[in-house]
There are 2 protein chains.
Amino acid sequence: MEPLVKQKYETRAAIMKALAHPSRLMMVEELEKGPRCVCELQELVGADMSTVSKHLAVMKNAGLVYDVKQGTTVYYHLKTSCVLDFIACVDRVIEHNVAHQVKIARCCVRSVRHS
Amino acid sequence: MEPLVKQKYETRAAIMKALAHPSRLMMVEELEKGPRCVCELQELVGADMSTVSKHLAVMKNAGLVYDVKQGTTVYYHLKTSCVLDFIACVDRVIEHNVAHQVKIARCCVRSVRHS
DNA sequence: TGACTATTTGGCTATATTACCAAATAAGCA
DNA sequence: TGCTTATTTGGTAATATAGCCAAATAGTCA
């Protein structure tokens, strides 16, 4: 494995990781509606403000969001809305999984009935 | 935050997490070309076979892949190829970030030249 | 059955992530 | 300047993740 190729996958993974947290996903979706300050996002996710700030730092570091200071408040903006297509794809995977679970469940019910 | 809504984001994050690793991304891309056995994937990522097997278990658990046993070898298949659109989106974020870095770099060069 | 191959599991250590609290910064205003 | 508000940073403990080795499983074939 060439170092450059390896690097490519590490870079990609870093961005995915920055999205792979419930609070962060929630915030990304909220930011799609428009810029939000830390306090608004804190209310949304219901965690300590320092925690929220750190989550935002992670996403900023990955280049998913940027921040604009206005007085004492900091407004975070979503950089690319394509992360939402992203989430749509994840939801398709979930639907697929759920459908499969249902199929298994139906099968169980049937075999109980027949036993 | 209602528990069900919270659950939704946790489910999504779990799937993202299952993708958020260089080796796993590499494997997903390889599996797009067709089913592969663990040994082939091991060669690809260059890690211990047990490590590769555990990575595959993570993805299987998230419903991203499924496995078919054929004799002693296990072939892994990609379930949804939409995870690749996903990767395409990540690459767009990366491009965007790189472009920004270049802009900063150019700016630095200029200011050095002028100082 | 016994040996061989492919894969998974268990155990362990090192590292990373997350969350909270407390303290530090930074901007605006009396 | 001193106070207040919004946010970030540092410290720390709990938990999760990743990697390797060794051992266990499972299937094939002689």
Side-chain angles (χ1 to χ4, degrees), chain A residues 1 3 6-7 9-28 30-31 34-62 64-78, chain B residues 1 3 6-7 9-28 30-31 34-62 64-78:
Chain A
M1 169 76 47
K6 204 177 154 192
Q7 190 94 51
Y9 288 100
E10 280 169 4
T11 307
R12 282 180 178 172
I15 289 177
M16 294 243 174
K17 241 193 234 179
L19 277 170
H21 188 284
S23 306
R24 295 200 287 262
L25 284 175
M26 216 181 287
M27 291 196 269
V28 162
E30 182 69 15
L31 290 176
R36 295 282 185 275
C37 67
V38 183
C39 53
E40 284 170 320
L41 294 170
Q42 180 200 6
E43 209 169 320
L44 177 75
V45 309
D48 195 273
M49 179 172 278
S50 69
T51 301
V52 173
S53 175
K54 275 172 187 168
H55 278 309
L56 288 164
V58 168
M59 293 204 283
K60 186 181 162 184
N61 226 293
L64 293 168
V65 301
Y66 64 95
D67 58 328
V68 175
K69 220 170 199 173
Q70 242 175 67
T72 62
T73 73
V74 178
Y75 288 95
Y76 279 86
H77 299 242
L78 194 59
Chain B
M1 170 75 47
K6 204 176 154 192
Q7 189 94 51
Y9 288 101
E10 281 170 4
T11 308
R12 282 180 177 172
I15 290 176
M16 294 242 172
K17 242 193 233 177
L19 277 170
H21 189 285
S23 305
R24 294 201 286 262
L25 284 175
M26 217 180 286
M27 291 196 269
V28 162
E30 181 69 15
L31 290 175
R36 294 282 185 277
C37 67
V38 183
C39 54
E40 284 170 318
L41 295 170
Q42 181 200 5
E43 208 168 321
L44 177 75
V45 310
D48 195 273
M49 180 171 277
S50 68
T51 301
V52 172
S53 175
K54 275 172 187 170
H55 279 308
L56 287 164
V58 168
M59 293 204 283
K60 185 179 163 186
N61 226 294
L64 293 168
V65 301
Y66 64 94
D67 58 327
V68 175
K69 220 170 200 175
Q70 241 174 69
T72 61
T73 73
V74 179
Y75 287 95
Y76 279 87
H77 298 242
L78 194 59

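This is a predicted model, so every value here is computed, not measured. Lettering of chains follows the sequences in order, A, B, ..., and the numbering in each one begins at 1.
- Minimum heavy-atom separation, A/Y75 to A/C37: CD2-N, 3.6 Å.
- Nucleotide D/dC21 holds its P atom 11 Å from the CD atom of B/Q42, rounded to whole Å.
- Protein atom CD of B/E10 is 15 Å distant from nucleotide atom C1' of D/dT15, rounded to whole Å.
- When all heavy atoms of A/V28 and A/M59 are compared, the pair lying nearest together is CG2-SD, 3.6 Å.
- A straight line from CE of B/M59 to P of C/dT7 spans 14 Å, rounded to a whole angstrom.
- Between B/L25 and B/L19, some side-chain heavy-atom pair lies under the 4.5 Å cut-off.
- Residue pairs satisfying the ring-ring contact (aromatic ring centres under 6.0 Å, His included) criterion with at least one member in residues 34-56 of chain A, sequence neighbours excluded, are listed as follows: A/H21-A/H55.
- With rounding to whole Å, B/Y75 atom OH is found 16 Å from D/dA26 atom C1'.
- Between B/L31 and B/Y76 the shortest heavy-atom distance is CD2-O, 3.2 Å.
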What N/O pairs connect the protein and nucleotides 8-18 of chain C at under 3.5 Å? Give each pair on its own line.
from	atom 1	to	atom 2	distance (Å)
C/dT8	OP1	B/Y76	OH	2.7
C/dT8	OP2	B/S53	OG	2.6
C/dT8	O5'	B/S53	OG	3.3
C/dG10	O6	B/K54	NZ	3.0
C/dG11	O6	B/K54	NZ	2.8
C/dT18	OP1	A/R24	NH2	3.3
C/dT18	OP2	A/R24	NH1	3.4

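- Counting all heavy atoms, side chain and backbone alike, B/Q42 lies closest to B/D48 at NE2-C, 4.1 Å.
- In terms of heavy atoms, A/L44 sits closest to A/M26 at CD2-O, 3.9 Å.
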Which protein N or O atoms sit under 3.5 Å from an N or O of nucleotides 27-30 of chain D?
none

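- Taking each heavy atom of B/A18 and B/A62 in turn, the nearest pair found is CB-CB, 3.5 Å.
- As a whole-Å value, the separation of B/Y66 OH from C/dT7 P is 17 Å.
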